Amino acid sequence: MVAAAEAALSNPGFLRYTWVIALLPLVSATLILFFGKRTPGKGPIYGILALAAGFVMSVAVLWHFVTGGAPYSSSVTWFEVGTFRLELGQYVDGLTAVMVTMVTAISLCIHVYSIGYMQGDKRYTWFFVVLSLFTGAMLNVVVTDNLFQLLVGWEIMGICSYLLIGHWWEEHANSSAAIKAFITTKTGDIPFLFGIFTLVFATGFATTNIQQIGEMASRGEVSTVLLTAGALLLFGGSIGKSAQFPLHVWLPDAMAGPTPVSAQIHAATMVAAGVYLVARTFSVFVHANPIALHVVAAIGGVTLVIAALLALVQDDIKKVLAYSTISQLAYMMAALGLGEAGYAAGMFHLFTHAFFKALLFLAAGSVIHAVHSNNMSEMGGLRKPMPRTFWTYLIGSLALAGVPPLSGFFSKDELIHAAYKAHDYPIMITLLAGAVITAFYTTRMVMLTFFGDYRGHGHPHESPAVMTGPLAALAGATVVVGFLGFAPTKAPFLDWVFFEHPEAAEVSVLVVGLSILVAGTGILVAYALYRRYRERDPLTALGPVYSLLEHKYYLDDIYWKGIVLPIRDKASAFANWTSQVILDGVVNGAARVARALSGLVNGFDRNVLDGAVNGVAQTAGFTGGLLRYIQSGNVQRYAAFLFTGVVILAIVFTRF
Amino acid sequence: MSGWDKSAISIATFLPLVGAFVIAFMPRDRERLIRGLGILFTGAALAVAIAIAIGFDYGGSGLQFEVSARWIDVIGARYHVGVDGISLPLYLLTFVLSFLCAIYTWRFVPNPGRTKAFLALQLLLETGMAGTFIAFDLVLFFIFWELVLVPMYFLIGIWGSANREYAAIKFFLYTLFGSVFMLLGFLGMYFRSNIGGAHTFDVIQLQQFAASGGFTQGFQVVVFAAIFLGFAIKVPMWPFHTWLPDAHTEAPTVGSVLLAGVLLKMGTYGFVRIALPMLPYAAQKYAPWIGLLAAIAIVYAALACLAQKDLKRLIAFSSVGHMGFVMLAIATLTPIGIDAAIFGMVAHGIITGMLFFCVGSIYDRYHTRQIVDLGGGLMQKLPYLGGVFAFVAIASLGLPGLAGFWGEVMALLSAFSPASSLNTGLFRGYMVAGGVGTILTAGYFLWMLQRVNMGTLPDKWREAALPDVLAVEWVSWVPLLVATVALGVFPRFLFGVTNEAVTALMHLFGG
Amino acid sequence: MSAQEYAFAVLALVGSVSAIRMVTAKNVVHAALYLVVTLAMVGGVYLVLAAEFVAWVQILIYVGAIVILFLFGLMLTKAPIGREALDNQQRGFALLVSLAVLAGLVFLIQDAFAWSDPKIEPVHGTTAALGESLFRQYVLPFEAVSFLLLAALIGAVVLSRKDDRP
Amino acid sequence: MIRLPLALFFSAVLFSSGVYGVLARRNAVMVLMSIELMLNAVNVNLIAFSQRLHDVTGQVFALFVIAVAAAEVGIGLAIVILIYRNRETINVDEVNLLKW
Amino acid sequence: MTIDYHAILPELILSGTLLLVLIADAFIRPRRKWLAMPLSFIGVLAALIAALTLIGSDRTTFSGMYRVDNFALLFKVFFLSVALVVLLISLRYFREGRWYQGEYYYLLLTSFLGAVMMPSSRDLLMLFISLELVSAPGFLIVAFRKSDPRSNEAGIKFFLIGVLSTAVMLYGMSLIYGLTGTTNLSSIGQVLASTLPAGRQTLADAAILFIVAGFAFKVSAVPFQFWAPDTYEGAPVPVAAFLATASKAAGFAGLLQLMFVAFPSQWEFWTPVFAALSIATMTIGNLVALQQRQVVRLLAYSSIAQAGYMLLPFALVSADPVVNKEAFSAATTYILIYAVMTLGAFAVVVALSRESEGLLISDFRGLMRRAPVLAVGMVTFMVSLAGIPPTGGFWAKFLVFKAGIDRGGIGVALAVVMLLNSVASLYYYLLIPREMVFAEPEIERPFRSPVLVTGVAMLATLAILAIGVYPELFYHFPPLSTLVGR
């Protein structure tokens, strides 16, 4: 029986159906859209069932690799343009398996959680439609084997984020945040699109298949220039989606959406996609000119620090988490920037981070649910009224801070170790610095939220089981998944997810020591500063630096005042003006000329055409003009013209 | 060939004309009867058209349902009609849109009523539009081409809004101005053509003649300029677009739908069918400039949209941008480009037509199109209408999985690697402009949605009893909505049809 | 220069002068008389050119009939006297144009026909041939003209007759 | 034995003085007279040529011209009188109700 | 010599009819005077039939002075049909005006007699007589609304300019006769084809110019057009219709024969003249028309502009017989189609002029509601005059463009000018439809128009559309009936 099941699972043929995992949420989305309102519980059930099924399947898929199965890929023709063929396909390897498992699991939790959180929302059903669609799009990105299909899922995620962030669109701020998110990511998508073109072009329109492109790249059949260009352009997409500097500005605003959405965006979908894209197309980066990876690393390093710093000064609990996400993603980017060395570590961090960040967001959501405010200045001392939330939150925070033996610790440790192993000390130092700051703001957040006295209004109380349940599940996961990368357990994760060839897990005492040290320092310093709550945040002591951080380095202002407004108001006005006045002026000018001529000939304007063609101006100036003189009604004058005509014609045409 | 094959397209094309006459002789006061007849005839025509689409051999690249009868011997013009993969989608689109418009008219007849004339002109228009896509004789093509002018002139002039007469006459004069030069170009080709010692207006023969290098380069350059003017104004390409916003803004809903949905396509279709294959050399010489104008159009239109205060005018400008993508694709002179162009045309026809429907209905409820006056909160007041509107707007900004996407992406892709004879770098520049355009497009559509759909409802509308989407509207919209998704998910529906024909055409083009 | 030519020259001269006087005379009746002289001179010219029939027709119809018509017209309409009353404002322009016409014609003519040759040798007795061709070859236009004259007659009557109703 | 140009010049003079009269004279009847001058000029040409060419056609033509001229005069005077009856004037330059 | 009576049968019948009308009129009681119309109608019909019996024959009589060939027959048939139409639209108008009906029809027929003779006249003398026969009665019937000073004025203007240009033309003819020693068109052609001494060549050119001037007056080409607007406005509307169609066409018939039979060898001289005339005529006509408010005047200027289009083919003549043939048939076709549209338009105007004298464009307000048939007709005529397919007018223009392109060089330039003109003309041609269709009528009551006139309007509409859809109907004849290449 069990054997049979095992046989069924270990049979690679099972992978043939991986795509179903990606399809299920799309189906459920459609079902909710059309039948949601008519089903008891108003619809989420479809999404939950779909994801549950998906989760089971993905575990099965993962099992295949746990048992050391080989990757599998298949595709069918989608359509042909000219001789250029586009395909629908799937590529399933360890990475895919891990991702689908992670996504389905977390998304499932979020769905369940949302039932409670969104209870009574006026667009309850619609919310789940988009949520399912969102998940489906992400899974599509994960499962696909070619760039165009990936692009489709990629952009659908974009619109879903738009819809979810703007879910409460009655508030102008929310809809603005939604637009900001979409436009900013879209700005990244355009380079991404061109990157796809470049790669497709590089293969001579032979294929859009990522693996094939990778192989061609590794076989050196593609010009390095094109590869480099392609890689960088693709990375542009990641920058947008994974909210890396300088396109990170949308993510904090995205907090405008309901909290589950934030969790979805930050853990399961959206931002993960950016990192995943780089990982998926890693061979392109690797075989391109090193500059490509350097750029990735550099962007990662920069973002890592600046985002972490911003997290320091936030009062909005979700904003803290948002910036922490940006900086954690930057960790992964930096790692990937290290090349093969950082690949596995980066993915591992992506994996673990998803769990504890989802956990943190949902927990934060539960807090917000209780106190009806995002601001930590209106929280405090919540550990008593809402213990479950507190403990889960604490686990998540410690993981984020990188405290052993929680997942965050292992993944971060591996990152640093990777940098160390690659002798890329600048990156290593950046990572360590980031770790300090991370530990610091995490602690600050926890202290402000759960310790001290309650500063808010009303009496906060624990959230319902439907919300805390998922918290518990995620907390458990957060504790467990770390060991997948734990060297003593031979880090199975590294056997599932690797680039080209798996690498053995090593432990460097130095690195472990360092990471524990930095985490510890951060925590202790923060604890010292925030043990007692102060009205004025201690960090304000930083002075100008503090205000710089408060203003987010003025980046938003620069973008808004320097790009958006000039285009939205000035350039557009100019375009409209030229169209109305210049171009249309020429057209009407022609009419005006004709009219003027006829006015000249006719001698005066009878207003016959008034208003019919606005360009036709009143040509009163010609009163008493030609026609008046010629068509004077005096027949002898006619005769005179007649003879003059003859004479002139005679002279002109007989003499010349 | 069976009688059906001989007669099918003629029946489909002229059935509306018959309808127009029938309706013209109906008593003025029998409103319902007249509207019913309108639906009946457009429906019948659509049925025939669908039958044609079913009978169509999608494998073949040549002309099908071809008829070539003697018409005007004196000038060697023949009644030569037929459909191939390129014209079939547009041909079908014409009938679908006309039918849906007729249905829409069942409930919505714009002021000042006069249903009879309204439908009669609509049907007349339909024949003109349909004919343009099946004509394979330059003279015949020109006749159909011009046939749409008069009905559209009256549609705008009678049932338009405030400034209608100006818009109508402007539309008429401007497009006529272009087309007369086009006519000169046709005549020029006629006299330079030499098929066994005889001149010809026949499109196929001319294409072959041109492919065999019949037209000298200098001649091509001159004639292309003349023809370009005719088509470019119709498309309309920047900077010839100024008639469009006026015409659209003033025209009644149905007029706008047909104008955006089909009329504009006549211009781009003309490029694909006539300008390129008949004047290949000139096409290559002009392509960079066409591309440039297209690129400008994309960015420029998007910017202009940001400045619009009138919802309908905004959408009008947006179609300038979308046609810019189509023209860019055509300018690349590649099979992918042409495929993309046709896809873009159809997608734009469906989506923008739908957008105009929405705006029409919004106007019907609120009696204003000023974004400021609407003041947001549409989703609160009329969730379904708002939802449809949002959906279509998002489709229009090129979301993958919806029709708008493929035309755009493939256009950009073709611009990435244009025909070998063209300057790649230049076209990549255009591509980048196009990319920027897509961002701006997303920008203005989302901004529009924010200002119209989202936010809270102004008090002035709070009390007003406004009906949400009506049955008639659902009936006339659902097909378009379905098509939007279907084409987005299965682009093969369209690429599969055009591909063969386009490949053949481009092979003949040789570019 | 032959006698005929002398005669012709004299006639032409007188004719021309009186023609000019006619278009410049201050008195309508004088003008009419000058017209008579001119027409008569023209008739004389015809005689010199030995086109007797035409000459007599000229005298009969023009001098006999048409001038009388004119005089009737003048009297019926009580034509006023005096330059201002008779000439309009564009006199100068008229002079210009007519001189231009004259100059042009003279130039063209002398350019086409050298002064010395060709010469006209009038042949007498063409009348028979004239009548012959008139009623054979040219019978159709002849009939047409008769219709024309009839129409003119009828029309003139209709127009100039006083109506009972306004 | 007459030089052709002499005749032609004569006709030219008649013609152009006719032109002058037509343009300069206000009185409709005078205008008609001037036109007669022009027609006579034509006749002089015709006769001269016919004798120069020894071809009778010219004279026939001249006869027709005379006949037509007579008809024209009849018509003209009729209209003039009609106008006079309605307007109490036959000054051509005052007859300008219809213009532009 | 013997006279071929069959050849001149239509003329005979016509002249018989008009005499009959004249006599009958003397015996009809005043209240029955309108009977003259059906009488003349029958006569014209008979003449038409007679003309039809001649089709295909090519007869010459009166020693080459008078020729009945396809060309002549085409125009004869055309003139006679126009006569029928004019008679139809005249009846109600003159009956209500109680103007001398008998005499009117008599004069009208006389005029048409001249028109019918015109295309057969292959002799300067004959041309001159026919032209006079067309004009002289015209002078009279223009002034026929005796009590109306405007009508008189129209008469005197038409008359003076007419006679004047006749005089000029005659002077030219006399010179041509002197230079070639003949009045027969084809022999003139031969003589001119042989080289004349330079001086005489120039004189011949001047003479041609004078003759052209004479006909330019008839077809109202700039600068000989001044009389037209005033005359059309003052004349009885049916007479205006006659002037705008038959009389103009007669002028062109004469012009065609002169240019293509007598003076083709001089083309290098006169094609530029025609180019200048054509451009000036179409442009001035259109520009002035743009600002007309009085419908008949509008039509007058439109007819001037149209004359410009018709003159264009003359400017295309060259040594190349193929192009000449094309130009010739283009001109002919244009004249014929133009006449149909204009007659239709005038029919509608006649119908409306019963409501208001001195018809203004604004009087058409909302006609679509009050008289759909007339309105639809008017729209068709206007659109057709503007040359928009699918109407006859388009094909008329199409042929001219075609000829122009085929001619190349100057031809293309002229075609472009004409194109721009026709686009501009669309503007004022749409003024009337605009009033009729867009505006709501002030007076709701349906408009009652004479049955004959409505019939004519409908007939013309159908004809225009028929030609528009299947131009073969019309294209068929002109090429057959060409004077070129004989």
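Note on naming: letters A, B, ... go to the chains in the order of the sequence lines (proteins, then strands), and numbering restarts at 1 for each one. These numbers were taken from a predicted model, which means no experiment stands behind them.
- When heavy atoms are compared at a cutoff of 4.5 Å, D:Ser11 does not approach chain C at all.
- Looking at C:Val48, both its backbone and its side chain come within 4.5 Å of chain D, counting heavy atoms on both sides.
- A donor-acceptor pair under 3.5 Å links the side-chain atoms of C:Ser2 to the main chain of C:Glu5, judged by distance alone.
- Not a single donor-acceptor pair under 3.5 Å links the side chain of D:Arg25 to the backbone N or O of D:Leu32.
- C:Ala65 does not touch chain D: none of its heavy atoms, backbone or side chain, sits under 4.5 Å away.
- In this structure, chain D has heavy atoms under 4.5 Å from both the backbone and the side chain of C:Val106.
- Distance check: C:Ser16 OG to C:Leu11 CG gives 10.0 Å after rounding to the nearest 0.5 Å.
- For D:Asn86, no part sits under 4.5 Å from any heavy atom of chain C, backbone or side chain.
- Among D:Val19, D:Val80, D:Val68, D:Ile66, the residue making the largest number of heavy-atom pairs under 4.5 Å with chain C is D:Ile66.
- Side-chain contact between C:Val54 and D:Asn43: absent, with no pair of heavy atoms (C-beta onward) separated by less than 4.5 Å.
- Each of C:Gly155, C:Pro122, C:Ala7 has some count of heavy-atom pairs under 4.5 Å with chain D, and the biggest count is that of C:Pro122.
- Of the listed residues (D:Val22, D:Ile81, D:Leu82), the greatest number of heavy-atom pairs within a distance under 4.5 Å of chain C belongs to D:Leu82.
- With a 4.5 angstrom heavy-atom cutoff, C:Phe53 touches chain D only via side-chain atoms.
- Interface residue C:Ile120: backbone and side-chain heavy atoms are both found under 4.5 Å from chain D.
- Between chain D and the options C:Leu149, C:Leu134, C:Val57, C:Val123, the largest number of non-hydrogen pairs under 4.5 Å is found for C:Val123.
- Once rounded to the nearest 0.5 Å, the distance linking CG of C:Leu35 with CG of D:Leu37 reads 6.0 Å.
- Of the atoms belonging to C:Ile61, it is side-chain heavy atoms, and not backbone ones, that fall under 4.5 Å from chain D.
- Annotation: maximal heavy-atom pairing with chain C below 4.5 Å, among D:Arg85, D:Met30, D:Glu72, occurs at D:Arg85.
- Remark: side-chain polar atoms of D:Gln51 are paired, donor with acceptor, to backbone N or O of C:Ala50 under 3.5 angstrom.
- Nearest heavy atom pair, residue C:Ser18 against residue C:Gly15, reads OG-O, 2.9 Å.
- Of all the listed residues (C:Leu153, C:Val42, C:Leu130), the one sharing the greatest number of non-hydrogen pairs under 4.5 Å with chain D is C:Leu130.
- Heavy atoms of C:Leu159 lying under 4.5 Å from chain D belong to its backbone as well as its side chain.
- The contact between D:Ala12 and chain C is made by backbone and side chain atoms together, counting heavy-atom distances below 4.5 Å.
- For the pair D:Leu46/D:Phe64, no side-chain contact is recorded, criterion being any heavy-atom separation below 4.5 Å from C-beta on.
- The most heavy-atom pairs under 4.5 Å with chain D, out of C:Leu96, C:Val157, C:Ile20, C:Leu95, come from C:Leu95.
- With a 4.5 Å cut-off on non-hydrogen atoms, D:Ala28 does not touch chain C at all.
- Residue D:Leu8 touches chain C through both its backbone and its side chain, counting heavy-atom pairs closer than 4.5 Å.
- With respect to chain C, the highest number of heavy-atom pairs below 4.5 Å among D:Ile79, D:Leu53, D:Leu77, D:Ile75 belongs to D:Leu77.
- Of the listed residues (D:Asn40, D:Val29, D:Ile83), the one with the most heavy-atom contacts under 4.5 Å to chain C is D:Asn40.
- If you measure heavy-atom distances from D:Ala48 to chain C, the contacts under 4.5 Å come from both the backbone and the side chain.
- Of the possible polar contacts, none joining the D:Gln59 side chain to the D:Ser50 backbone as a donor-acceptor pair under 3.5 Å is found.
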Practice problem: Show the numbers, then the answer: is there a side-chain contact (heavy atoms from CB on, under 4.5 Å) between C:Trp56 and C:Thr127? | Solution: CA-CA 11 Å; C:Trp56 294 125; C:Thr127 314; over 6 Å; no
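- Side chains of D:Phe61 and D:Val42 form no contact here, defined as non-hydrogen atoms less than 4.5 Å apart.
- When all heavy atoms of C:Ala19 and D:Leu14 are compared, the pair lying nearest together is CB-CD2, 3.7 Å.
- In terms of heavy-atom pairs under 4.5 angstrom with chain D, the leader among C:Leu105, C:Val101, C:Leu102 is C:Leu102.
- Nearest heavy atoms, C:Val145 versus D:Ala67: CG1-CB, 3.8 Å.
- For a residue to count as touching a neighbouring chain, one of its non-hydrogen atoms must lie under 4.5 Å from one of that chain's; by this rule C:Phe93 does not touch chain D.
- Contact of C:Val45 with chain D is made through the side chain alone, with heavy-atom distances under 4.5 Å.
- Contact of the C:Tyr138 side chain with the D:Thr57 side chain is registered, since non-hydrogen atoms from C-beta on lie closer than 4.5 Å.
- A pairwise comparison of heavy atoms in D:Ala24 and C:Arg91 identifies CB-CG, 4.1 Å as the closest pair.
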